[in-house]
Asks: 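After the structure tokens below, expect a handful of questions from me.
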Protein chains: 2
Amino acid sequence: MSTQTVTTEGPRSKRALILRAAIESFGDDGFEHTKWASVADKVGIGQTALYHYFESKVHCLLTIMSSELERSATAFAAAVEGQATPTDELRAAVKAALDVGPREVLQARILQSHMDLLASPRQSEREEAERQHARELVRQVEHNWLDLVERGIASGDFAARDAFQTSHMMLAMILSVWRWYREGGALSNEDVREFTTEALLRLVRA
Amino acid sequence: MSTQTVTTEGPRSKRALILRAAIESFGDDGFEHTKWASVADKVGIGQTALYHYFESKVHCLLTIMSSELERSATAFAAAVEGQATPTDELRAAVKAALDVGPREVLQARILQSHMDLLASPRQSEREEAERQHARELVRQVEHNWLDLVERGIASGDFAARDAFQTSHMMLAMILSVWRWYREGGALSNEDVREFTTEALLRLVRA
DNA sequence: CCTTGAACTGAATCAGGTTTGGCTGTGGTA
DNA sequence: TACCACAGCCAAACCTGATTCAGTTCAAGG
């Protein structure tokens, strides 16, 4: 028995396929609107087989959210690494945040739409663990930006203003892009990055 | 028979009470997490009585969203009315958007969390009608801000930059407040309004 | 009184996520 | 070679919570 979800991926594992299918479905049709069974269909397995890999539909969602958070946290660190000034760091961080493929866009949208899920505790042990993990990563991402702002203020590159509000606002400005941005729309990814970077700099510059 | 929802409020109608209870529950615990029946309990009626007023749980949610959109659209119009310059208009609009009571904060949060619901069509007629209505109001609100930006650019008060991206970003900056703001927290409503207004002005000013 | 319709209800029904119990095939090992 | 453990899978039963059914109550108007 047991719905002991796998931690070490076996060679025949369909975990990655399920995640991929779930991201597409959740991203395109919305989480509550997609039937868990339809994800199974997409992968080509029975509905109950899903429970071999995830404890529940929500657990799968939390996993997707964590993975997106993980990506954006590490991308930030990598981008900022070795930049000369806070201004350059900011440019690099924005590029890292916005220069992503279509799957990451979907993940970002999914993450944003269900951020509130991280607020209240989960019944199940594994779900709760995943939630805690995601919360930690959120803190990490927020901390990354807060730190950047504070470095900028300390160095005099950025104006001395409430760093907390500033960093939250920056994050909101960046993430808001996914609300309206569509691949192949009037504005290219490059355009958006350029605009967003300048907007952020206008916001913080001394 | 029929679940013909009431359009003209009768004197014994509990519609307003239901909405009030639903806003509290959806706002505090989240829409998917609150049981429709518990809303009925809160009001003191049987679960099925809810269907006399709303076609479904989602229909109630859509109604709440519309009402919040309506409020913010008209508040914007009223605030901007009669201001001398686009800069003054912006100040007034931000004040109108952020100077709201606790119930409106909840409604704003509910609205944001379920914006994606407006994307895909609904099965039921009345739900779909309410969705269309809400979409129209969203367009209206976005249009309000876009217009403001364009007026500002035309008058030379604001710098000439992509008005579409600018207005979306402004909206995001304002709405992001509800993600972290809590009544009685370290920052007063006044503080936040002040900070946000200045941030927006820095963003658009020529 | 009698009728009408808003307001309401308890008892089904239904949909979808989840649990149960068991089957299959592969890789390691005695 | 025989066997074992366990990842991977499934059909059918189950449970929860939203929704529908088939009425009942009650206040106002004629």
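So that the names make sense, note that chain A is the first sequence line, chain B the second, and so on, each numbered from 1.
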Asks: Rounding to a whole Å, what distance do you find between A:His59:NE2 and C:dT19:P?
Replies: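 In whole Å, C:dT19 P and A:His59 NE2 are 13 Å from each other.
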
Asks: Write down the atom of B:Leu203, the atom of A:Arg202, and the distance for their closest heavy-atom approach.
Replies: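 Closest pair (atom of B:Leu203, atom of A:Arg202, distance): O-NH1, 2.5 Å.
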
Asks: Heavy-atom nearest nucleotide on DNA chain D for A:Gly46 versus B:Glu127: which residue maps closer to 5'?
Replies: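 Mapping each residue to its closest nucleotide by heavy atoms, the 5'-most match is A:Gly46.
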
Asks: Closer than 3.5 angstrom, by distance alone: can the side chain of B:Lys14 be matched with the main-chain N or O of B:Leu50 as a donor-acceptor pair?
Replies: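 Answer holds: no.
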
Asks: Do the ring planes of A:Trp180 and B:His168 sit parallel (below 30°), tilted (30 to 60°) or perpendicular (above 60°)?
Replies: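 Ring orientation of A:Trp180 relative to B:His168: tilted.
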
Asks: Between P on C:dA6 and CD1 on B:Ile45, what's the gap in Å once rounded to a whole number?
Replies: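 Whole-Å distance recorded here is 16 Å.
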
Asks: Enumerate the protein-to-nucleotides 12-18 of chain D contacts in which both atoms are nitrogen or oxygen and the separation is below 3.5 Å.
Replies:
from: D:dG17; atom 1: OP1; to: B:Lys35; atom 2: NZ; distance (Å): 3.0
from: D:dA18; atom 1: OP1; to: B:Trp36; atom 2: N; distance (Å): 3.1
from: D:dA18; atom 1: OP1; to: B:Lys57; atom 2: NZ; distance (Å): 3.4
from: D:dA18; atom 1: OP2; to: B:Trp36; atom 2: N; distance (Å): 3.2

Asks: Using atom CG of A:Leu50 as one end and atom C1' of C:dT18 as the other, report the distance to the nearest whole Å.
Replies: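 It works out to 11 Å between those atoms.
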
Asks: Supply the atom-to-atom distance A:Asn144 CG to A:Arg139 CZ, rounded to the nearest 0.5 angstrom.
Replies: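 Those atoms lie 13.5 Å apart.
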
Asks: Can I get a per-line list of side-chain donor-acceptor pairs under 3.5 Å for residues 20-27 of chain A, giving both atom names and the distance, sequence neighbours left out?
Replies:
from: A:Ser25; atom 1: OG; to: A:Ala21; atom 2: O; distance (Å): 3.3
from: A:Ser25; atom 1: OG; to: A:Lys42; atom 2: NZ; distance (Å): 3.1

Asks: Please give, in whole Å, the distance from C:dA6 P to B:Ile18 CD1?
Replies: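 For the pair B:Ile18 CD1 and C:dA6 P, the rounded distance is 15 Å.
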
Asks: If you only use heavy atoms from C-beta on, which nucleotide in D:dC10, D:dG8, D:dA27 is closest to the side chain of B:Arg12?
Replies: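 Out of D:dC10, D:dG8, D:dA27, the nucleotide with an atom closest to B:Arg12's side chain is D:dA27.
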
Asks: Is a donor from one side chain sitting under 3.5 angstrom from an acceptor on the other, for A:Glu32 and A:His114?
Replies: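 On atom types as modelled, these side chains qualify, holding a pair under 3.5 Å.
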
Asks: It should be established whether A:His52 places a side-chain nitrogen or oxygen under 4.0 Å from OP1 or OP2 of nucleotide D:dG8.
Replies: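 Result: yes.
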
Asks: Could you tell me the separation between the CZ atom of A:Arg15 and the P atom of D:dG8, rounded to a whole number of Å?
Replies: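 Taking atom P of D:dG8 as the reference, CZ of A:Arg15 is at 11 Å.
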
